[in-house]
Amino acid sequence: MSHAAHKAPKAAGAKRTNVASASSLFSPAVDVALAAKLNEVAPMSRRALRQAAKANARKNHIMAGSALAALFGTAAGALAFANPIQGGSVVAESAPSSEVATVEPNAITATTGVAASRSESRKSLGVATDETNDANATSQTADQVVDGDEGQDSGTVLDASWSLGDESSSLDVSKMSKSLASNPVVAGLMEANAADLPEGFNPNHETNDKGSSYPFSQCTWWVYNRRHELGLPVGTHYGNGHQWADSARELGYWVDNTPRNVGDIMVFRQGQEGASSQYGHVAIVEAINPDGSITTSECGASYHGKPFSRTFTNVHDFQYIHY
């Protein structure tokens with residue numbers, strides 16, 4: 001009986017050994033890769049989902065920060081290469097007040113307790129740069145060219161030539177003028193009379209021209225129409241022939257006792273050289289002859305609109321309206 005009781009525990013122990021050996025027998029049968037695959041397919045717990053979301057957010061923040069840092073670095077490098085002087089100035093101005101701020105070579109360095117400013121960034125006057133030397137050399141060469149050989153004064157002008165192109169060679173130089181006159185004919189005459197023009201003469205003075213009001217075939221009728229043919233100014237109400245010089249002078253015309261141009265109005269006094277003793281007379285200067293005499297074109301009531309001509313040698317006895 002005691003022998004049977006002693007064997008029962010031994011049998012139980014033998015059974016546990018068999019179970020344990022069976023467990024160790026099946027454990028290696030589960031493949032590690034298969035287990036990992038099963039873990040991926042299996043649904044995650046809420047805690048695992050939260051942890052995965054937080055890890056993904058941290059990863060995104062890190063990536064975004066790295067991208068921004070790279071972008072700023074690229075932009076700063078591009079600005080530095082594009083404008084290195086301004087970049088140096090910015091660094092100098094933002095430097096701490098206790099440090100030395102060097103702006104550029106050969107520039108004054110700020111060593112005081114105040115930050116460097118643009119006004120302190122000046123090149124030393126005592127240092128001659130290559131650009132200054134080149135400029136001085138060029139200036140000396142130019143002076144030698146202008147001065148010419150030894151013994152000639154500095155006012156010597158070198159000979160030079162120039163020519164017009166095909167387009168500009170067709171310009172009519174006779175129509176070019178520096179005068180401010182709005183009438184091109186007057187402008188050309190002013191160029192010819194430049195040495196004798198009255199001081200302060202205004203070529204654009206009032207003419208009081210409102211159309212002819214002079215009776216047909218009268219001397220005033222002829223002069224008005226002939227001046228228009230020549231492109232010269234003339235007025236409407238200048239009075240009788242002997243009054244024309246005073247009327248024109250009041251309007252700003254140049255009036256004197258010298259015939260100067262073809263088209264000048266010659267004014268006769270009352271009774272002068274056969275003029276009317278009541279009305280006087282006017283005529284047009286058609287030519288200034290080599291001997292100083294003048295040839296006129298004139299008209300009168302008895303000529304029925306047909307002009308006639310005379311030549312005068314006592315030219316300074318009359319008044320002349322120019323323009």
Side-chain angles (χ1 to χ4, degrees), residues 181-190 192-193 196-323:
S182 57
N183 185 324
V185 178
V186 173
L189 294 178
M190 288 182 66
N193 306 142
D196 301 316
L197 279 173
E199 184 177 358
F201 173 70
N202 176 20
N204 300 316
H205 57 76
E206 178 60 52
T207 63
N208 192 28
D209 188 3
K210 300 177 176 62
S212 177
S213 62
Y214 306 106
F216 171 75
S217 194
Q218 295 285 353
C219 63
T220 51
W221 168 84
W222 169 253
V223 167
Y224 178 89
N225 288 284
R226 181 62 177 147
R227 287 276 287 195
H228 270 283
E229 290 178 357
L230 296 173
L232 292 168
V234 66
T236 299
H237 301 289
Y238 287 1
N240 296 324
H242 72 94
Q243 298 172 321
W244 274 48
D246 292 336
S247 298
R249 189 179 288 109
E250 290 179 359
L251 289 172
Y253 284 85
W254 179 17
V255 181
D256 62 12
N257 297 96
T258 301
R260 301 184 184 275
N261 310 290
V262 172
D264 285 350
I265 300 174
M266 184 178 182
V267 180
F268 294 71
R269 296 187 303 272
Q270 294 166 308
Q272 184 182 16
E273 296 292 342
S276 168
S277 60
Q278 181 179 359
Y279 303 112
H281 185 61
V282 287
I284 292 291
V285 176
E286 295 291 346
I288 300 177
N289 303 314
D291 61 356
S293 64
I294 60 173
T295 301
T296 65
S297 66
E298 311 170 45
C299 197
S302 60
Y303 288 88
H304 306 289
K306 296 180 180 180
F308 64 93
S309 178
R310 290 188 288 175
T311 298
F312 296 87
T313 57
N314 56 335
V315 294
H316 297 292
D317 292 339
F318 305 89
Q319 293 190 83
Y320 301 88
I321 304 171
H322 304 299
Y323 41 79

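By convention here, the first residue in the shown sequence is residue 1.
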Would you compute the distance between atom [atom1] of [X] and atom [atom2] of [Y] and round it to the nearest 0.5 angstrom?
| X | Y | atom1 | atom2 | result |
| --- | --- | --- | --- | --- |
| Leu197 | Met190 | CG | CE | 5.0 Å |
| Phe201 | Trp254 | CZ | CH2 | 8.0 Å |
| His304 | Cys299 | NE2 | SG | 10.0 Å |
| Leu251 | Asp246 | CG | CG | 11.5 Å |
| Ile321 | Ser247 | CD1 | OG | 8.0 Å |

Give a yes-or-no answer on whether the side chains of [X] and [Y] include a donor-acceptor pair shorter than 3.5 Å.
| X | Y | value |
| --- | --- | --- |
| Ser297 | Trp222 | yes |
| Asn261 | Tyr320 | no |
| Asp196 | Asn193 | no |
| Gln319 | Arg269 | no |

Walk me through it: do His205 and Tyr253 pass the test ring pair (Phe, Tyr, Trp, His ring centres under 6.0 Å)? CA-CA 7 Å; His205 57 76; Tyr253 284 85; 4.4 Å; yes
Measure from the side-chain N and O atoms of [X] to the backbone N and O of [Y], and report whether any donor-acceptor pair falls under 3.5 Å.
| X | Y | value |
| --- | --- | --- |
| Gln272 | Phe318 | no |
| Gln243 | Asn240 | yes |
| Glu206 | Asn208 | yes |
| Thr296 | Glu298 | no |
| Ser293 | Thr313 | no |

Could you go through the side chain to side chain donor-acceptor pair (under 3.5 Å) check for Ser277 and Gln270 one step at a time? CA-CA 5 Å; Ser277 60; Gln270 294 166 308; over 6 Å; no
Minimum heavy-atom separation for [X] to [Y], with atom names?
| X | Y | result |
| --- | --- | --- |
| Val186 | Ala181 | CG1-CB, 4.0 Å |
| Arg260 | Asp264 | N-OD2, 2.9 Å |
| Gly305 | Ser217 | N-OG, 2.6 Å |
| Thr207 | Pro233 | CG2-CB, 3.7 Å |

May I ask you to check whether Trp244 and Tyr214 place their ring centres under 6.0 Å from each other? yes
Assess the pair Phe268 and Phe312: is the distance between their ring centroids shorter than 6.0 Å? yes
Apply the test side chain to side chain donor-acceptor pair (under 3.5 Å) to residues Tyr224 and Asp209: give CA-CA distance (whole Å), side-chain angles for both, the deciding distance (0.1 Å), then the verdict. CA-CA 10 Å; Tyr224 178 89; Asp209 188 3; 2.7 Å; yes
Parallel, tilted or perpendicular, as decided by the 30° and 60° cut-offs, for the rings of Phe308 and His281: parallel
Can you tell me if Tyr303 has over 12 outside heavy atoms packed within less than 6.0 Å of its OH? no
Regarding Glu286 and Arg226, does a basic nitrogen lie under 4.0 Å from an acidic carboxylate oxygen? yes
The side-chain contact (heavy atoms from CB on, under 4.5 Å) partners of Ser309 (sequence neighbours excluded) come to Thr295
